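Worth saying up front: this structure is predicted, and the values here are computed from it rather than measured.
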Amino acid sequence: MMLLYFAAPLFSRAERLFNDNLAQRLEAHGFTVFLPQRDGVEKNKPPYDAMPPEERRQALFDLDTQQILACDIFLFVLDGRVPDEGACVELGIAYCQRTLQRSRKLLLGFQTDSRAAFLGSKLNPMIRVPLDGIAPDEDTLFDMLQRYQTTGRIHVSEQR
């Protein structure tokens with residue numbers, strides 16, 4: 001089973017519900033999903049609830065970085081007026097690892113939202129260029145992921 005790191009905003013109830021729902025669908029399709037809001041460092045979960053804030057922040061960074069480096073697929077939910085800044089850093093970590101190790105890690109975006117912070121373009125090139133492709137809807141996302149599972153590639157027309 002391929003490990004998928006789920007990078008997305010997770011600060012509102014709506015975002016968390018969306019992430020949970022999509023993660024469950026991904027798992028039903030055979031992926032092992034690391035969803036930080038569920039599987040990561042949460043201040044209300046032991047042992048993190050007993051840690052001072054600075055120690056908890058370090059534990060969060062360490063666990064998320066470990067999972068990013070271990071994953072086969074990095075999925076970045078890009079919805080919103082601007083992409084989540086934490087997920088942007090996570091993308092940088094995944095891209096740097098892939099580049100330095102020449103790995104086959106898939107860096108995939110998922111963007112169903114038409115809002116954009118930059119007039120005339122959907123994404124800043126520092127976010128768009130590292131991504132192997134961007135799925136505009138769930139059907140396309142699942143098609144791309146299935147092709148990657150079976151062939152190790154996504155379709156040429158979906159790439160940068």
Residue pairs passing the ring-ring contact (aromatic ring centres under 6.0 Å, His included) test with at least one member in residues 17-49, sequence neighbours excluded, are Y5-F34, H29-F142
So [Y] and [X], do their side chains get closer than 4.5 Å, heavy atoms only?
X	Y	answer
K105	I73	no
D72	L4	no
M2	L106	no
F76	C88	yes
L26	L75	yes
I93	D64	no

With rounding to the nearest 0.5 angstrom, report the CD to OG1 distance, Q97 to T65. 10.5 Å
Give a yes or no on whether [X] and [Y] share a hydrophobic cluster (residues Ile, Leu, Val, Met, Phe, Trp, Tyr; joining criterion: side-chain heavy atoms under 4.5 Å apart).
X	Y	value
V89	L69	yes
F6	L10	no
I68	F61	no
L91	L60	yes

How close do [X] and [Y] get, heavy atom to heavy atom, and via which atoms?
X	Y	value
L131	G109	CD2-N, 3.9 Å
E90	A7	OE1-CB, 3.4 Å
P130	I127	CD-O, 3.2 Å
G80	R115	CA-NH2, 3.5 Å
A135	M144	CB-SD, 3.8 Å

For the pair R104 and D132, evaluate salt bridge (Lys or Arg N to Asp or Glu O under 4.0 Å) and give the outcome as yes or no after the intermediate values. CA-CA 11 Å; R104 295 181 52 95; D132 297 307; over 6 Å; no
Worked check of side chain to side chain contact (heavy atoms under 4.5 Å, CB included) between V33 and R38: CA-CA 10 Å; V33 176; R38 176 191 69 196; 4.2 Å; yes
Who passes salt bridge (charged side-chain N to carboxylate O under 4.0 Å, His left out) against E42, sequence neighbours left out? R16
Any donor-acceptor N or O pair under 3.5 Å, side chains D62, Q58: yes
Please assess L108 against Y148 for the test side chain to side chain contact (heavy atoms under 4.5 Å, CB included), listing each intermediate value before the final yes or no. CA-CA 11 Å; L108 192 58; Y148 186 74; over 6 Å; no
Does [X] reach the main-chain N or O of [Y] with its side chain, forming a donor-acceptor pair under 3.5 Å?
X	Y	answer
E55	M51	no
R56	A59	no
N21	L17	no

Neighbour count >12 (heavy atoms, 6.0 Å) for atom CD, E27: yes
Quick one: do R147 and R153 satisfy side chain to side chain contact (heavy atoms under 4.5 Å, CB included)? Show the steps, please. CA-CA 6 Å; R147 276 197 299 279; R153 296 180 315 193; over 6 Å; no
Which other residues end up in the same hydrophobic cluster as L100, if Ile, Leu, Val, Met, Phe, Trp and Tyr are linked when side-chain heavy atoms come under 4.5 Å apart? none
Apart from M126 itself, members of its ILVMFWY cluster (side-chain separation under 4.5 Å) are none
Identify, with sequence neighbours excluded, every residue that meets side-chain contact (heavy atoms from CB on, under 4.5 Å) alongside Q111. L78, D79, K122, L123, I134
Just jot down the side-chain contact (heavy atoms from CB on, under 4.5 Å) partners of R57, sequence neighbours excluded, or say none. P53, E54
The test is side-chain hydrogen bond (donor to acceptor under 3.5 Å, both in side chains); show your working for Q37 and D20 and say whether it passes. CA-CA 9 Å; Q37 71 191 48; D20 279 333; 3.2 Å; yes
Given the rule in the side chain to side chain contact (heavy atoms under 4.5 Å, CB included) test, do K43 and D49 qualify, once you have shown the distances and angles that lead to the verdict? CA-CA 5 Å; K43 64 182 175 183; D49 58 346; over 6 Å; no
Does the pair T140 and D137 meet the rule for a side-chain hydrogen bond (donor to acceptor under 3.5 Å, both in side chains), with working shown? CA-CA 6 Å; T140 304; D137 56 60; 2.9 Å; yes
